[in-house]
Amino acid sequence: MKNQYAPKSTVDSIVESLISKLSENGILSPDSCFDKTNFINFKKQMPGKVILPGTTITPIMERVLFSIASSSSIKKIVVLGSYYGYALLWLTGGKNRKENSSVYGFDINKESCSQARINMDNLNLDNVQIIEEDAFNGINLFEDETIDLLFIDVEKDGSKSNYSPLLEQWYGKLKKGALVLAHDPLVEKFTEDFKEYHKIVNDKSRFESSLTLPIDSCGLDISIKKGRIESGEYNESKVY
């Protein structure tokens, strides 16, 4: 699963199997899936319309983000550190526009926010808002327990040290059972930063479960805010 340069057919089958297992074990909701046809159709729109200077979002990560956001239970998505909007695009692309979903991206870089808006406009993604604002200030735009998925990819002075304080600040804005995704847990230079982050998501009084997916060299953390089991929405989740 770590080979990010595997043939597309192999990557597709890996993601299909992974999303299926995550759903079976209650990490993702039952209707989460990798819809290969929709994924391909969405990606075909990007050449010439999406501009970015570079990205660490690999082909397998594209598919995983696309699949995670596919669930009809995920209506409101917030991305902290949206940059040029590439990860945000995949979280958005997995949504059916008829589901009345909304996606918000926060970044303090004026240039990247400007291009991100152009990227979204070029793909006619009118359910996305790119907000040039510090992620710590963004919480003022949301009521408590209204966010279904929070994606964190903020880098400060070459570190991910803001992951922990950002999660603490945004925690109250997350619905019970909301998903928290954190990019780069496998990057060696961020090891110490993630030790602090993992202390939070491994607190069973606040999160039902948390696991790291070693799908590429960056990896992806998935955590579930406590409350999903009590609400009876899904079966008991397992970390494996």
Side-chain angles (χ1 to χ4, degrees), residues 1-44 46 55-75 77-79 86-96 99 101 103 148-153 160 163 167 174 177-188 190 194 197-198 201-202 207-225 228-229 233-240:
M1 231 174 4
K2 293 183 181 181
N3 185 359
Q4 62 199 63
Y5 304 107
K8 288 183 179 179
S9 59
T10 303
V11 171
D12 290 344
S13 62
I14 288 172
V15 174
E16 287 174 358
S17 177
L18 172 64
I19 299 302
S20 177
K21 289 180 179 178
L22 291 174
S23 297
E24 290 170 4
N25 286 279
I27 302 298
L28 301 181
S29 57
D31 65 337
S32 302
C33 68
F34 173 59
D35 188 324
K36 183 177 178 179
T37 300
N38 283 343
F39 174 84
I40 292 173
N41 289 338
F42 184 69
K43 190 160 188 173
K44 281 181 178 179
M46 294 188 181
T55 181
T56 57
I57 301 297
T58 59
I60 193 168
M61 186 67 74
E62 295 171 355
R63 289 161 171 78
V64 169
L65 295 178
F66 186 90
S67 303
I68 290 174
S70 69
S71 172
S72 60
S73 65
I74 297 177
K75 302 289 188 182
I77 299 172
V78 173
V79 176
Y86 198 59
L88 184 150
L89 277 175
W90 293 111
L91 291 168
T92 305
K95 303 305 299 170
N96 184 328
E99 294 173 353
S101 61
V103 184
D148 300 295
L149 188 154
L150 181 70
F151 181 87
I152 309 176
D153 196 13
K160 301 286 185 174
Y163 274 37
L167 180 56
L174 304 174
L179 294 178
V180 179
L181 309 181
H183 194 225
D184 293 326
L186 298 182
V187 178
E188 186 176 358
F190 302 141
F194 269 94
Y197 178 85
H198 287 147
V201 295
N202 288 323
F207 289 89
E208 291 175 6
S209 62
S210 182
L211 71 160
T212 298
L213 301 179
I215 57 176
D216 58 20
S217 59
C218 294
L220 183 71
D221 258 31
I222 300 182
S223 304
I224 306 170
K225 182 178 178 180
R228 180 185 289 182
I229 295 175
E233 291 177 328
Y234 304 107
N235 295 326
E236 182 177 1
S237 57
K238 302 175 183 178
V239 179
Y240 58 95

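All residue numbers in this chain count up from 1 along the given sequence.
In terms of modelled atom types and a separation under 3.5 Å, the side chain of S70 and the main chain of C33 share a donor-acceptor contact. Without hydrogens or angle criteria, N25 side chain to I27 main chain gives no donor-acceptor distance under 3.5 Å. Side chain of D184 to backbone of F190: no donor-acceptor contact under 3.5 angstrom is found. Using modelled atom types, no side-chain atom of K36 and backbone atom of D12 make a donor-acceptor pair closer than 3.5 Å. For the pair S32 (side chain) and S29 (backbone), a donor-acceptor distance under 3.5 Å is present. Put simply, the side chain of S17 never gets that close to the backbone of S13: no donor and acceptor are under 3.5 Å apart.
Residues L22 and L213 have side chains in contact (heavy-atom distance under 4.5 Å, counting atoms from C-beta outward). At a threshold of 4.5 Å between non-hydrogen side-chain atoms, the residues V180 and V201 do not count as touching. A 4.5 Å side-chain heavy-atom check between L186 and P214 finds at least one atom pair inside the cut-off. Taking 4.5 Å as the limit, every side-chain heavy atom of F194 sits out of range of all side-chain heavy atoms of T212. Residues V187 and T56 form no side-chain contact, since every pair of their non-hydrogen atoms from C-beta on lies 4.5 Å or further apart. Annotation: side chain of L28 is in contact with side chain of L179 (closest heavy-atom distance under 4.5 Å). Using a 4.5 Å cut-off on side-chain heavy atoms (C-beta onward), V103 and L91 make no contact. L220 is listed as a side-chain neighbour of F151, based on a closest heavy-atom distance under 4.5 Å.
Taking each heavy atom of F34 and R63 in turn, the nearest pair found is CE1-CG, 3.6 Å. In terms of heavy atoms, P185 sits closest to H183 at CD-C, 3.4 Å. In plain terms, the two heavy atoms of G26 and I224 that are nearest each other are O-CD1, 4.0 Å. In terms of heavy-atom proximity, S210 sits nearest to D221 at OG-OD2, 4.4 Å. Minimum interatomic distance between I152 and Y163 (heavy atoms only, all atoms of both residues): O-OH, 3.1 Å. In plain terms, the two heavy atoms of S67 and V15 that are nearest each other are OG-CG1, 3.8 Å.
Here the OG-CG distance, from S23 to D31, works out to 8.0 Å after rounding to the nearest 0.5 Å. If you take CG on L150 and NZ on K225, they are separated by 10.5 Å, rounding to the nearest 0.5 Å. Between atom CD of residue E188 and atom OG of residue S217 there is a gap of 12.0 Å, rounded to the nearest 0.5 Å. Of the inter-residue distances, the one linking L181 atom CG with I77 atom CD1 reads 9.0 Å to the nearest 0.5 angstrom. Rounding to the nearest 0.5 Å places CD1 of I57 at 10.5 Å from CG of L88.
In this structure, Y86 and W90 have perpendicular ring planes: the angle between them is above 60°, well past the 30° mark.
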For this session: Given side-chain hydrogen bond (donor to acceptor under 3.5 Å, both in side chains), test S20 with E24 step by step and report yes or no.
Result: CA-CA 6 Å; S20 177; E24 290 170 4; 3.2 Å; yes
